[in-house]
Every structure is written in C-alpha cells, then in structure tokens.
Amino acid sequence: MLKGKVAIITGSTSGIGLGVARKLAAAGADVVLNGFGDTAEIEAVRSGIETEFGVKARYSGADMTKPDQIKAMVDETAAALGAVDILINNAGIQHTAPVTDFPAERWDSIIAINLSAVFHGIQAALPHMQAKGWGRIINIASVHGLVASVNKAAYVAAKHGVIGLTKVVALENAESAITCNAICPGWVLTPLVQKQIDALAAREGISEVEAKVKLLSEKQPSKQFTTPDELGDLAVFLSSAAAANIKGAALTVDGGWTAQ
Ligand code: NAD
C-alpha cells in the first residue's frame, strides 16, 4: 500500500516508534529510523527491516533537541531516498514530579523533545511534501494532549501543544493532499512506561505485576495496554488514500481513558 513512499520515524529505536516503523515498512515504505541506543543493536534492527520487508531502511542519529540536526536528517533523507512523504513525530521523554519540585532543566528537555522537535521536523519536511503535493504528518501525542494527570506538568503541556500544532498544520495545508493528525495513546507497555511501573512498585512495596494492574486500573477501563503494533496499523491507515480527508484529528487509542 505504501510502496514508493519514504517515511521518517523519530525515536524509532524503541517502543512505539519501532512498532510504527516496522508496520510502515511492512506496508512497503522505505523508512528512516532515528533515536539513541546501542550501535550494533540499531544496525541489527535496521538491516533486519530491509531483509524482512524488502524496503530500504536508513538510520539517523539526529538529536531531537538540536533543530539543525533535525533539518539535516530530513534533507539527507530527501537526497538519499528521493522524498520525505511521511513524517512520524514520535520521539519523547517523561519526567514525573510535582510542579514545585519539577527541575527546570527537565522542563526544558521535555518541551524541546516532545514539542519543539515536532515543530522543527514539520518545518523541515513540509517543503519536500509541498513540492510533491502529497504528504502525511502523524504526531504521536498522548491522552495527555487531551487530559491531565498529576506530576506531569511538562509532558502534559508539551502534548497539549502538539495537538494545537497538529491543527494549525492541518489547516495551513487543508486544500492540498497533505494531512496532519495526532495519535493519542493511553498506556503502552514500552521502556518509558516500564520506568513508571518500576517506580510505582518500589513506592508502594508491590510486585511488578500488581503495579501494572494498578496503573491500568486507575486510568484505562479496558485494563489492557495499547500495543506499538496497533499504533503502527493506525499510522499505516492514516497514510493511506482512505484517510485523505482526516485533517487535524486527535485520535485516541486509550482503552476508554478519555471516554470517562
Ligand atoms: P521509548 O522510551 O520506548 O522510546 C523513545 C524513543 O525516543 C527512543 O527511540 C529514544 O531513543 C528516542 N529519543 C529520546 N530522546 C531523543 C532525542 N533527544 N533525540 C532522538 N531520539 C530520542 O518511549 P515510547 O513509550 O515508545 O514513547 C514514544 C512516544 O509515544 C513519545 O512521544 C511518548 O510521549 C508517546 N506516548 C507513549 C505512551 C506510553 O504509554 N508508552 C503513551 C502515550 C504517548
């Protein structure tokens, strides 16, 4: 379905980004992986995607806190693979603390990676999409782009910002075949959430399994984690012709979290 398309997925060495990259590749897109991690492991994932899906896969180590590196990643992709058709803004970090204790440098890095990098990526990618007259921008926001939780000031502020930015970009390109939408997952079992499960287990003196159940029970009525594969399938759908008129949407995949 996406044969001949080129997709950049930020923060795709782990978790949701990797799940989305694999689904886009399975649908035929060439992909650019990005993110941090062990060099040999990243290379194994990159070459594995090429072998498994018969597509081209590249890797960019661009740091999402650095606007010049984001632009270089986008322009190098266009030069090497001929286009930037799909941009998945996914890289993200978390830190939890009450506002009064929230370290200012954590605020700055969360805003930089979770919000400003989305702007810089879109600004760099849009000219390539506009030149071709086609594009898909998918921002991995969160339920925390729609509702808040305690102790997540920077994350909630950044994700609400991402949803606002998504709407602006959708409107600015509304008459073209370029769409911009946000996906808002609830709990997904990735390293980002595993840290919160471990902290909950340690704080309350409960097992990891009990901490998982507690985490889900508090917010997610389905009591099931959303999976990276499910989010990848949604990204493939949003990249398809069937989704051409979905513009500026914030699509929840949250087991009922925001329906309550
Ligand atoms: P993760 O920790 O598994 O993966 C994060 C990825 O971002 C990794 O590849 C990491 O290397 C990369 N990254 C971090 N800092 C970077 C930087 N400065 N430059 C480049 N890459 C960087 O996390 P995840 O849970 O897969 O989260 C991915 C996205 O999904 C985030 O935006 C997160 O906010 C969002 N999200 C996650 C959940 C969840 O429950 N896990 C829920 C809603 C939204």
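Counting starts at 1 for both ligands and their atoms, in listed order. Any value given below was found using the heavy atoms of this structure, including those in side chains, with hydrogens, waters and symmetry copies removed. Sequence positions, counted from 1, serve as the residue numbers for this chain.
- At least one N or O atom of Ile16, backbone or side chain, sits closer than 3.5 Å to an N or O atom of ligand 1.
- Across the listed options Lys195, Lys159, Lys66, Met64, Met64 owns the non-hydrogen atom lying nearest to atom 20 (C) of ligand 1.
- Of the polar atoms of Val143, none of the N or O atoms is found under 3.5 Å from an N or O of ligand 1, judged by distance alone.
- At least one heavy atom of Ala62 sits less than 4.0 Å from an atom of ligand 1.
- Not a single N or O atom of Ile113, backbone or side chain, sits closer than 3.5 Å to an N or O atom of ligand 1.
- A donor-acceptor contact shorter than 3.5 Å is absent between the side chain of Arg106 and the backbone of His95.
- Glu41 places no side-chain N or O within donor-acceptor distance of the main-chain N or O of Val45, the cut-off being under 3.5 Å.
- Of the protein's non-hydrogen atoms, the one nearest atom 6 (C) of ligand 1 is Gly11 O, 3.4 Å.
- Contacts of Pro228 with ligand 1, taken as heavy-atom pairs under 4.0 Å, are absent altogether.
- Outside the 6.0 Å centre-distance limit, the rings of Trp134 and His128 are not counted as a close aromatic pair.
- Taking a 6.0 Å sphere around NZ of Lys247, one finds it holds more than 12 heavy atoms contributed by other residues, nucleotides or ligands.
- There is no side-chain donor-acceptor pair under 3.5 Å between Gln94 and Asn114.
- Between Leu24 atom CG and Phe53 atom CZ the span is 10.5 Å, to the nearest 0.5 Å.
- Using a 4.0 Å cut-off between a side-chain N of Lys or Arg and a carboxylate O of Asp or Glu, Lys214 and Glu204 qualify as a salt bridge.
- Close approach of ligand 1 to Gly35 (heavy-atom distance below 4.0 Å) involves ligand atoms 11 (O), 21 (N).
- Of the possible polar contacts, none joining the Thr252 side chain to the Asp254 backbone as a donor-acceptor pair under 3.5 Å is found.
- Arg136 contributes a side-chain N or O that, together with a main-chain N or O of Leu238, makes up a donor-acceptor pair within less than 3.5 Å.
- Considering only non-hydrogen protein atoms, atom 9 (O) of ligand 1 sits nearest to Thr13 OG1, 2.7 Å.
- Put simply, part of Ala141 is less than 4.0 Å from ligand 1, judged by heavy atoms.
- Using modelled atom types, one side-chain atom of Lys159 and one backbone atom of Ile140 make a donor-acceptor pair closer than 3.5 Å.
- Nearest protein heavy-atom contact of atom 3 (O) of ligand 1 is Ser14 OG, 2.7 Å.
- A donor-acceptor contact closer than 3.5 angstrom links the side chains of Thr166 and Asn139.
- To the nearest 0.5 angstrom, Ile137 atom CD1 is 10.0 Å from Ile88 atom CD1.
- Contact annotation: Tyr155 has at least one heavy atom less than 4.0 Å from an atom of ligand 1.
- Close contacts of ligand 1 with Gly15, meaning ligand atoms under 4.0 Å from a residue heavy atom, involve 3 (O), 26 (O).
- Using a 4.0 Å cut-off between heavy atoms, Thr190 contacts ligand 1 through its side chain alone, with no backbone atom that close.
- Side-chain atoms of His120 do not come within 3.5 Å of backbone N or O of Lys71 as any donor-acceptor pair.
- Taking every non-hydrogen atom of Gly92 and a distance limit under 4.0 Å, the qualifying atoms of ligand 1 come out as 5 (C), 7 (O), 31 (C), 32 (O).
- Ligand 1 places these atoms under 4.0 Å from at least one heavy atom of Ser12: 9 (O).
- Backbone and side-chain nitrogen or oxygen atoms of Asp63 are examined, and one is located within less than 3.5 angstrom of a nitrogen or oxygen of ligand 1.
- Look at Gly37 and you'll find every heavy atom at least 4.0 Å from all atoms of ligand 1.
- Using 4.0 Å as the threshold, Asn114 has no heavy atom nearer than that to any atom of ligand 1.
- Looking only at heavy atoms of the protein, atom 13 (N) of ligand 1 is closest to Ala91 CB, 4.2 Å.
- For atom 43 (C) of ligand 1, the closest non-hydrogen atom on the protein side is Pro185 O, 3.4 Å.
- Assignment of Gly186 to the shell around ligand 1 is supported, since a heavy atom sits closer than 4.0 Å.
- The protein non-hydrogen atom at the shortest distance from atom 23 (O) of ligand 1 is Leu192 CB, 3.4 Å.
- Checked against a 3.5 angstrom limit, the closest N/O atoms of Phe36 and ligand 1 fall inside it.
- For atom 40 (O) of ligand 1, the nearest protein heavy atom (residue, atom name, distance) is Val188 N, 2.7 Å.
- Of the options Asn34, Ile88, Asn90, Ile140, the smallest heavy-atom separation from atom 31 (C) of ligand 1 is shown by Asn90.
- Residue Val193 has at least one heavy-atom neighbour below 4.0 Å for each of these atoms of ligand 1: 39 (C), 40 (O), 41 (N).
- Ligand 1 is never approached by His144 to a heavy-atom distance shorter than 4.0 Å.
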- Verify salt bridge (charged side-chain N to carboxylate O under 4.0 Å, His left out) between Lys132 and Asp85, making sure each step is shown before the conclusion. CA-CA 8 Å; Lys132 272 186 80 176; Asp85 300 299; 2.7 Å; yes

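- The backbone N or O of Lys56 sits nowhere less than 3.5 Å from a side-chain atom of Glu50 that would complete a donor-acceptor pair.
- Considering backbone and side-chain atoms alike, Ile93 places every N or O at 3.5 Å or more from each N or O of ligand 1.
- Remark: Thr190 OG1 to Leu192 CG distance equals 5.0 Å, nearest 0.5 Å.
- For ligand 1, the atoms closer than 4.0 angstrom to any heavy atom of Trp187 are 40 (O).
- A donor-acceptor contact closer than 3.5 angstrom links the side chains of Gln196 and Lys152.
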